[in-house]
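Following: one structure in C-alpha cells, then a few remarks.
A note on names: the letters A, B, ... follow the listed sequences, proteins ahead of strands, and every chain is numbered from 1.
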Amino acid sequence: MVSANIDVAYVAQLARIHLQPDEKQKLESQLAQILEYVEKLGALDVSGMEPTAHAVPLVNIARPDDLQPSLAHEDALRNAPRQAGGLFIVPKIVE
Amino acid sequence: MDYEAVIGLETHVQLKTRSKMWCGCPNQYGAPPNTHVCPVCLALPGVLPVANEEALRLTLRTGLLLQCEIPARAKFDRKNYFYPDAPKNYQLTQYDQPSTRNGHVEFEFNGTLSRVRITRAHLEEDVGKSTHFERHSGVDFNRAGVPLLEIVTEPDLTSADQTHAYLNALKEILQYGGISDCDMEKGMVRCDVNVSVRPCGTQALGAKIEIKNMNSFSGVRRALEYEIPRQIAAVRRGEKLVQSTRRWDDVAGVTEEMRSKENAHDYRYLPEPDLMPFEPAQDWLDNERASLMELPLARKQRLMREYQLPAGDAEVLKNNRALGDYYEPIARLSKNPKLLANWIINNLQARLVEIMEKEKTEQASLGLEPDEMKFTGLADLKFKPSDLLDLVEMVARGALSSASGQTVLAEMVASGKAPSAIVQSMGLAQVSDAGAIETLCDQAIAQNPNPVADYKAGKEAALNALKGQVMKLSRGKANPAMVGEILQRKLRG
Amino acid sequence: MLNQHTISDLTRRLAQREISAREITQSCLDRIQQVDGRVRAYLSHDPADALAQADAADQTIAREGWNEARPLMGIPVAIKDVLAVRNHPLNCASKILGNYISPYDATAIEKLRAAGAIIHGRLNMDEFAMGSSTENSAFGTTRNPWDLARIPGGSSGGSAAAVAADECIASIGTDTGGSIRQPAALCGCVGLKPTYGRISRFGLVAFASSLDQIGPITKDVRDAALMLKVLSGKDSRDSTSLPDPVPDYPATLSGNIKGLKVGLPREYLVPGLDSEVKKSVDAAVQKLVGLGADVCEVSLPHTDYAVATYYIIATAEASANLARFDGIRYGMRVDGNDPAELYSRTRGAGFGPEVKRRIILGTYVLSSGYYDAYYLRAQKVRTLIRNDFLNAFEKVDVLVTPTTPTAAFKVGEKAENPLQMYLSDIFTISCNLAGICGISVPCGFTSPGNLPIGLQILGPPMGESTLLRVAHAYEQSTDWHKAKPPLQ
Ligand SMILES: [Mg+2]
Ligand SMILES: [Zn+2]
C-alpha cells in the first residue's frame with residue numbers, strides 16, 4: 001500500500017467541497033487515522049485475484065431502443081434553483 | 001531543418017438511434033430546451049441508467065466497418081469531472097474495456113491510398129448544451145445522454161489536407177453504415193485534434209497540443225493550416241512547446257491557448273456499478289458481419305474494375321449510395337455499363353433534382369415541412385430500373401438519338417411508360433437508313449452553299465453547320481454519326 | 001391498539017371486515033402524535049394524505065372484497081427519506097436537497113402501492129445513509145424507543161424506531177453495510193437485507209451502488225416475508241436487478257428446520273464483542289440446536305479485512321454518486337462567481353461532516369496514483385470475501401452471528417470517532433460486499449439496561465426462503481419479538 005498522506009485541500013477541491021479551516025484540520029487527522037487502518041489490506045496477497053465490481057453475475061442487460069415519455073417541461077424545471085427561458089441558469093461558464 | 005506534423009484525431013459522432021443512451025427520451029435535434037429530458041437524463045436523485053441495445057449494436061457495427069477487433073467483454077466507466085452541462089458530474093464512457101479496438105481506415109489521398117490506424121471506437125454519452133449570456137449561462141439538457149461514439153486514431157496523419165480527407169472518408173463510412181447522419185449543422189460530429197511537430201526523419205513525438213471541440217471538417221483543416229506552421233516557427237525560434245489545450249477561433253483564423261482547468265486530468269475513472277458488462281455473442285457478431293455492406297472505397301475500386309468506369313463516375317456512384325445501388329443491378333445486365341453510368345449520373349440525376357425542387361416549392365406553398373415530401377428520390381420513380389436500361393441500350397445501338405433519348409426519359413419520368421412505347425407513340429425512332437440519310441444530305445448541301453464552300457476551303461467546322469441542317473430536316477431522328485460520315489464522303493468526293 | 005399489530009394480523013382482520021384501514025392508520029397517527037416528539041423517527045408526514053389513502057383502501061375492500069393479490073391493502077408503511085415518492089419531498093436527511101420534490105416514484109414505492117399499501121411519512125436516517133446512529137441527519141437525531149438517551153442505530157434509524165415505537169406497521173429501509181439489520185437489532189425489530197439485485201434500486205438515492213439494497217423493517221418475520229414478496233422482482237429500469245422468479249416467501253415459513261446446517265463463523269468472536277450480546281447469541285444457537293438444526297463452526301478467513309474494504313469501495317462509489325448534488329438542476333444553491341465556486345460553496349454548506357468525510361476519502365482513493373493501491377486492491381479483497389461466503393455456503397445452509405458487537409450506544413458516544421463508528425459495523429458489512437442476504441431478529445435484552453439484542457442470520461445469494469424459515473422458526477420459539485419498549 002501507499003503510505004497514508006492525504007492532501008485534503010487538493011482532494012476537497014477535486015470533490016468541489018469548500019472546507020472551513022477547522023473542518024479541514026479535523027478531516028486531516030480523521031482521514032489519516034482511517035487510511036492507516038485500511039493499510040491492512042496491503043498485507044494480503046491479491047495477485048491473480050479478479051476484482052469484484054458487481055455482486056451479481058449478469059451480462060448484456062440492455063433495453064430496446066424505444067421511446068418513453070419525457071418529463072413535462074414544468075416538471076423538468078420544477079426543482080431548478082434558477083431558471084429562465086426554459087434553461088437552467090448558472091454563473092457564466094468560462095473556458 | 002525541415003519539420004513534419006504528427007496528427008491524431010478523436011472524433012465524436014452521435015449515433016442514429018430513436019432514443020437516448022440510458023433512457024427513452026427522443027434522440028432528436030431542435031426541440032425547445034429541456035423538453036426531451038426525464039429523471040434519468042437530468043440525473044435526478046435515485047435514477048439508474050439502462051443501456052440502449054441499438055447503440056451497442058451500432059457501436060459494434062462501426063467496429064466491424066473500421067476493421068476493429070471486438071473484445072469478448074466491454075464495460076462502462078464513470079469519468080468524473082464537474083461541469084454544468086454534465087448532469088451527473090461524471091460521464092459514462094468506456095475506459096479500459098472499450099467495445100472495439102485496433103482497426104484502420106483506408107482512403108484516397110493525393111492519388112494514393114492512405115491508411116490511418118484506429119486505436120478504438122468506444123461508446124459514451126453526450127452532454128447538455130450551454131448558451132452564454134452576458135453574466136450567466138443557460139443549460140439545455142435535451143442533448144444530454146445522446147449516444148456518442150468516440151473514434152480515436154493513432155497519430156498517423158501528417159497534414160491538414162490528409163486529415164480533412166480522413167474525416168470525409170470516416171463520415172462516408174458512418175453514413176453508409178447507417179451509424180450516424182453525421183449532420184455537421186446539427187452538431188452530430190465534433191473532433192478534438194492532437195498535433196505536434198518534429199524534425200523530419202525523427203521518431204520521438206513532440207509536445208502534444210490539443211485543439212478542442214472542432215465542429216466542422218473545414219475548420220479542422222484551417223486550424224491545422226494555422227497551427228502546424230505556428231508550432232514549427234516556435235520550435236525554430238528555439239521555444240520549447242508544452243502539452244496544452246487550444247481553441248480554434250474561426251473568425252480570427254487563429255488557435256489560442258485555453259485557460260487550463262485545474263486538476264482537469266484527474267478523472268478518477270471508476271467502473272460503473274449500475275451497468276453490467278457486455279459480451280457480444282459470437283453468432284450475433286457473425287450475422288452482423290455477414291450483413292455488412294461494402295466500404296465506400298472498396299465500392300469505388302470495384303465499380304472501376306467491374307464496369308470499366310472512369311474514376312470520376314465511380315466516385316459519384318460511391319458518394320451517392322442510393323444512386324450506386326440503382327446503377328449496379330442494371331449495370332450487370334448492360335452491354336454498355338459506361339454509357340449507363342453516364343446517363344444515370346448526368347440525365348437521371350438532373351431529372352431527380354428537378355422533381356425534388358418542384359416538390360419543395362409546392363410543399364412550401366402549402367406550408368408543409370420538408371420531411372413531409374412525397375417524392376424523396378429514386379425509390380419514388382414511376383418507371384422500373386430496367387426501363388432505363390432499355391432506353392440506354394436503344395441509344396447505344398443507334399435506335400434512338402441521344403437527344404431523343406432525353407425526351408423519352410422526360411416522358412418516362414412523367415408517365416412511367418416503357419421507353420419503347422414512348423419512342424413509338426412519339427415517333428422518335430432514329431433513322432439509320434443510309435439511303436434516306438443520303439437524300440437528306442443532298443438536300444442540305446443544295447440548300448447551304450456557303451458552309452459547303454467554307455468546308456471545301458478547309459474550314460472543318462463548317463461541317464457541323466451542315467450536320468445541324470440534316471438533323472433539322474430529319475427532325476432530330478437521323479443517326480448523327482452516319483450523317484457526319486455521309487456528308488464528308490459527299491463533300492470530298 | 002391496532003398500531004401494535006403485525007401486517008398478517010391486521011390483514012386477516014381487514015379481510016373479515018373487523019377493522020378498517022382508517023382505524024389502523026388513525027392509530028399510527030395517534031401514536032406519532034403521542035411519541036414522535038421524543039423519538040423523532042419522522043422527518044415529515046401528512047395525516048390527511050394518509051387518511052385519504054386509507055379511505056380509498058376501505059372503499060376498495062368494500063367494493064371488491066379482500067384480494068390476496070394485494071396483500072398490503074390498507075397497511076400504513078413508512079418510508080426512509082432516501083426513496084423517491086412522486087410529488088413528495090426527498091431529502092436523504094440532507095440540507096443539500098433543499099425543497100426538492102420528486103417527480104417520480106421509486107419502483108419499490110410503485111410495488112407497495114400496487115399491493116395496496118398506504119405510503120406514509122418520511123423517516124429519518126443518517127445523511128445519505130452514511131452512518132450507524134442516525135446522528136448524521138441534518139434534521140436531528142432519532143432516539144431509540146427503548147432508551148431515549150441512546151441511538152436507534154443507522155442509517156435506517158428512523159425506520160427501525162418507527163416500527164419499534166409502533167408509529168407504523170412496517171417500514172422501508174436501505175442497507176449498504178448493515179443499515180437495516182443494525183438499527184433493527186438495536187430497536188428490537190426484524191430487519192431484512194435481501195440479496196443484491198433482489199429488489200430494484202430504481203428510485204433509491206444511491207450511496208454505494210454495488211452495495212445498496214432496499215429491505216423491510218417489520219414487527220415479525222412473517223411480515224418481512226410478506227414485504228419481500230411484494231418488493232422483489234426484475235425491473236427493466238435497474239440493470240442490476242435479478243431475473244429470478246419470486247417465491248411465495250410467507251408460504252415457506254414451515255417452522256421446521258430439522259437437519260438444517262447452521263454455521264458459526266469463528267472470526268466473529270472479536271475482542272469488542274459485548275458479553276451480554278455473546279450470551280444471548282449463544283442461547284439463540286442452543287435454541288436452534290433444540291429445534292433440530294446441526295450447528296458447526298466455519299471459517300470466513302478474510303473477515304478482518306471487510307471494514308477496510310468496505311470503506312474504500314463504498315466511499316469511492318459515493319464520491320461519484322453524490323457529485324450530482326451540485327446546485328444546478330435541483331436542491332440548494334449557494335451562488336458563486338463561476339460554476340466551480342458555486343459547486344464548492346453549495347456542497348461545502350449542503351453536506352454534513354460525515355458525508356464530506358466519505359466523499360473526500362472516496363475521491364482520494366480514486367485519484368491519480370492511488371487507484372490501484374486502494375480501489376482496485378479493495379475490489380480484489382472483495383472477491384476473497386465473497387469467496388469465503390460462497391465456500392461456507394457449500395457446507396452450511398445459513399450462518400449465524402450477532403448483528404452488532406454491542407447494544408445501542410449513547411447519543412454522542414462515538415460521534416467524534418468515525419473509525420470506532422465504522423468498526424461497529426463489523427458483523428454486517430461483509431454481507432453487502434458478498435452480495436448475499438441477511439436478516440436480524442430479536443434474540444434477547446441486555447441486563448441491566450433492557451436494550452434489544454439482534455441475531456443475524458446470513459444466507460447465500462437468493463437464499464431468502466431458507467433465511468426466513470430459520471428466522472421464523474427461531475422467532476416462534478421465543479417471545480423476544482413480542483416485547484414492547486417502555487414508551488408512553
Ligand atoms: Mg470521450
Ligand atoms: Zn431522459
Side-chain angles (χ1 to χ4, degrees), chain A residues 2 5-19 24 31 35 38 41 46 48-95, chain B residues 17-19 22-27 32-39 41-42 44 50-57 73 75 80 82-85 89 128 130-142 212-213 247 258-259 261-263 266 268 271-273 275-281:
Chain A
V2 286
N5 59 332
I6 174 165
D7 180 351
V8 170
Y10 168 78
V11 181
Q13 210 269 322
L14 263 187
R16 299 288 186 273
I17 295 179
H18 176 77
L19 295 176
K24 181 176 160 276
L31 290 173
L35 286 169
V38 304
L41 296 190
V46 291
M49 228 45 224
E50 279 295 314
T52 293
H54 296 97
V56 288
L58 296 168
V59 288
N60 298 336
I61 307 299
R63 62 181 184 87
D65 182 22
D66 294 333
L67 296 181
Q68 299 291 333
S70 296
L71 276 176
H73 184 58
E74 316 78 75
D75 279 342
L77 290 160
R78 174 178 178 177
N79 288 294
R82 191 160 174 198
Q83 52 163 298
L87 300 167
F88 292 89
I89 298 299
V90 299
K92 184 144 182 172
I93 303 168
V94 222
E95 274 164 0
Chain B
T17 55
R18 277 195 296 276
S19 64
W22 315 114
C23 64
C25 289
N27 170 8
N34 294 305
T35 54
H36 288 170
V37 292
C38 72
C41 55
L42 278 179
L44 297 191
V50 185
N52 182 336
E53 65 185 12
E54 176 66 3
L56 289 160
R57 191 186 73 87
R73 169 178 268 237
K75 70 172 175 70
N80 292 287
F82 283 84
Y83 212 75
D85 61 12
N89 287 316
S130 312
T131 314
H132 305 294
F133 308 108
E134 202 183 320
R135 291 175 47 215
H136 294 93
S137 299
V139 193
D140 166 19
F141 291 101
N142 282 349
K212 272 217 146 342
N213 251 324
R247 179 197 307 109
M258 285 166 79
R259 204 175 71 175
K261 280 179 246 162
E262 275 175 274
N263 319 321
D266 202 339
R268 291 161 284 131
E272 167 56 288
L275 292 166
M276 291 302 180
F278 293 92
E279 297 178 355

Contact origin within Phe133(B) toward chain A - heavy atom pairs under 4.5 Å
both
Using a cut-off of under 4.5 Å on heavy-atom pairs, state which of Leu77(A), Asp75(A), Leu67(A) scores highest against chain B.
Leu67(A)
Return the option, out of Leu44(B), Thr35(B), Val37(B), with the maximum number of heavy-atom pairs under 4.5 Å with chain A.
Val37(B)
Which one of Pro51(A), Ser70(A), Pro57(A) has the most heavy-atom pairs closer than 4.5 Å to chain B?
Ser70(A)
Name the region of Pro91(A), side chain, backbone, both or neither, that has any atom closer than 4.5 Å to a heavy atom of chain B.
backbone
Run the side chain to side chain contact (heavy atoms under 4.5 Å, CB included) test against Arg73(B) and tell me which residues pass, sequence neighbours left out.
Val59(A), Gln97(B), Pro277(B), Glu279(B)
Between Asn52(B) (side chain only) and Arg18(B) (backbone N and O only), is there a donor and an acceptor less than 3.5 Å apart?
no
Who pairs with Lys92(A) by salt bridge (Lys or Arg N to Asp or Glu O under 4.0 Å), at least two apart in sequence or on another chain?
none
Name the region of His73(A), side chain, backbone, both or neither, that has any atom closer than 4.5 Å to a heavy atom of chain B.
both
Heavy-atom cut-off 4.5 Å, strictly under: side chain, backbone, both or neither for Ala15(A) against chain B?
backbone
Of the listed residues (Glu54(B), Arg268(B), Glu272(B), His36(B)), which shares the most heavy-atom pairs with chain A below a 4.5 Å separation?
Arg268(B)
Please rank Pro32(B), Pro273(B), Pro271(B) by heavy-atom pairs under 4.5 Å with chain A and give me the top one.
Pro273(B)
His54(A) (side chain) donor-acceptor with Leu275(B) (main chain) under 3.5 angstrom:
yes
For the pair Ser130(B) (side chain) and Ser137(B) (backbone), establish whether a donor and an acceptor sit closer than 3.5 Å, ignoring hydrogens and angles.
no
Between Thr17(B) and Asp65(A): side-chain donor-acceptor atoms closer than 3.5 Å
no
Rounded to the nearest 0.5 Å, how far apart are CZ of Arg247(B) and CG of Asn213(B)?
9.5 Å
